[in-house]
Amino acid sequence: MNETATRVYAEIDLDAVRGNVRALRERAPRAQVMAVVKADGYGHGAVPCARAALDAGAAWIGTATPQEALALRAAGIGAPLMCWLWTPGGPWREAVEAGIDVSVSALWALDEVRAAARAAGRTARIQLKADTGLGRAGCQPADWAELVGAAVAAQAEGTVRVTGLWSHFACADEPGHPSVPLQLAAFRDMLAYAEKEGVEPEVRHIANSPATLTLPESHFDLVRCGLAVYGVSPAPELGTPAQLGLRPAMTLKASVALVKAVPAGHGVSYGHHHVTAGDTRLALIPAGYADGVPRHASGRGPVLVGGKVRTVAGRVAMDQFVVDLGPDDPAEAGDEAVLFGPGDGGEPTAEDWAQAADTIAYEIVTRIGGRVPRVYRNG
């Protein structure tokens, strides 16, 4: 790819991914690391990032959907692999045949995976999820005995093997939140019950990225790291990436498409929410909300152009936005614009864009769309 002629592209530093996984392993020295590559590796590319994470010592790979997990198997990823977002009628048999660990939160899911195991002629690997307080997927404590009993019976008949017991925090990214110790206590109780009933899991896990970084008592056998694998801080309250020993892996770049002089009082972009204060030069950046640039950051999103950080002038459109350079700036068409990156070159970060769009950094990197090419470094 001739990157200098590329409209917009995301540069992915796979050495950063490797370094982040090593840093996370150091934070959880007694636990295995699962690198979560759902949503196409949080926008970074699931397959190359999974390989980089495994190179750095990750023991497991995690996805949300079974389709994501099956795609990794098709790409040759043979490591232990788990997926957790199932709906009735999902590709259970394909997952069983691929040796993928599947999450079970309710009896309907257990019934479907048992049927798939019979059809495949092999034992399914399942992990029982406990709802310890998040209120999404997972089995409520009141129903846990029934689910565990049914899973133990299915294990006795040979259709399943209960390989894991797990849960997920609601507020681990909020230091000192009272729900965290309550969820840990509930998880320990639900673990104790399942193990008393005969479950011998390979892994027990509840820690996500923020818990991996800040709650060593939650590490158990495995920590599930998502955003931190890609070097982005899970929450500003926990620290910057550098403070957490992480390095952002994605840099989003574009080529300036046009620079032109306009007079004072000239409207800019839809709705004329920006009007030039004086004679000035406008630069057109050929990336918009169809590429994942958040429209909510209109008038606020930061961009490095010509060695200076500018702000989006007016509304972000589907394919483009404008920055007001001022009257004397020498920037020209073809110059590089950096929307975000690690920040050590003076460019904005994903967190800067998150604040500009009133969202979280998870969304900024994950929403970078499919028409934005990924260029991999250090592969």
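Of the possible donor and acceptor atoms, one in the side chain of R374 sits under 3.5 Å from a partner among the backbone N and O of G43. In this structure a side-chain-to-backbone donor-acceptor pair under 3.5 Å is present from R27 to L213. Side chain of N20 to main chain of V229: a donor-acceptor pair is present (N/O by atom type, distance under 3.5 Å, no hydrogens or angles). A distance-only check finds no donor-acceptor pair linking the side chain of R315 to the backbone of R295 [under 3.5 Å]. Listed for the D111 side chain is no donor-acceptor partner under 3.5 Å among the backbone atoms of W108. Between the W353 side chain and the P302 main chain, a donor and an acceptor come within less than 3.5 Å of each other. A distance-only check finds a donor-acceptor pair linking the side chain of R300 to the backbone of H296 [under 3.5 Å]. With hydrogens and angles ignored, the 3.5 Å screen pairs no side-chain donor or acceptor of T6 with any backbone N or O of V8. In this structure a side-chain-to-backbone donor-acceptor pair under 3.5 Å is missing from T280 to T276. The main-chain N or O of A154 is found under 3.5 Å from a side-chain atom of T159 such that the two form a donor-acceptor pair.
Counting only N and O atoms by type, the side chains of S103 and W166 include a donor and acceptor under 3.5 Å apart. Side-chain contact, H205 with Q32: no donor N or O sits under 3.5 Å from an acceptor N or O.
Cluster membership for V305 and V338, using ILVMFWY side-chain heavy atoms within less than 4.5 angstrom, is not shared. I206 and Y193 fall within a single hydrophobic cluster, where Ile, Leu, Val, Met, Phe, Trp and Tyr side chains are chained together by heavy-atom contacts under 4.5 Å. Hydrophobic clustering (ILVMFWY, side-chain heavy atoms < 4.5 Å, transitive): L284 and V316 are in distinct clusters.
For the pair V322 and V312, the minimum side-chain heavy-atom distance is 4.5 Å or more. In this structure the side chain of P294 reaches within 4.5 angstrom of the side chain of R367, judged on heavy atoms. By the 4.5 Å heavy-atom criterion applied to side chains, I126 and D101 are not counted as neighbours.
Aromatic ring pairs are classed by plane angle as parallel below 30°, tilted from 30° to 60° and perpendicular above 60°; the pair F187 and F220 is perpendicular.
Around the CD atom of E200, the shell of radius 6.0 Å holds no more than 12 heavy atoms that belong to other residues, nucleotides or ligands.
Checked against the 6.0 Å centroid threshold, F321 and Y289 do not count as a close aromatic pair.
The side chain to side chain donor-acceptor pair (under 3.5 Å) search around R161 returns none, not counting sequence neighbours. H274 pairs by the side chain to side chain donor-acceptor pair (under 3.5 Å) definition with D324, not counting sequence neighbours.
Here the closest non-hydrogen pair linking V47 and A75 is CG2-CB, 3.8 Å. Taking all atoms of both residues into account, the shortest heavy-atom contact from E347 to F340 is CG-C, 4.2 Å. Closest approach of A16 and P248 over heavy atoms only: CB-O, 4.1 Å.
Taking OG1 of T163 as the reference point, atom CG of L128 lies at 8.5 Å (rounded to 0.5 Å). To the nearest 0.5 Å, the span separating CG on D173 from CD on E237 amounts to 7.5 Å.
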Subject >> Full working for salt bridge (charged side-chain N to carboxylate O under 4.0 Å, His left out) between R22 and D55 >> reply: CA-CA 10 Å; R22 294 187 189 104; D55 287 346; over 6 Å; no
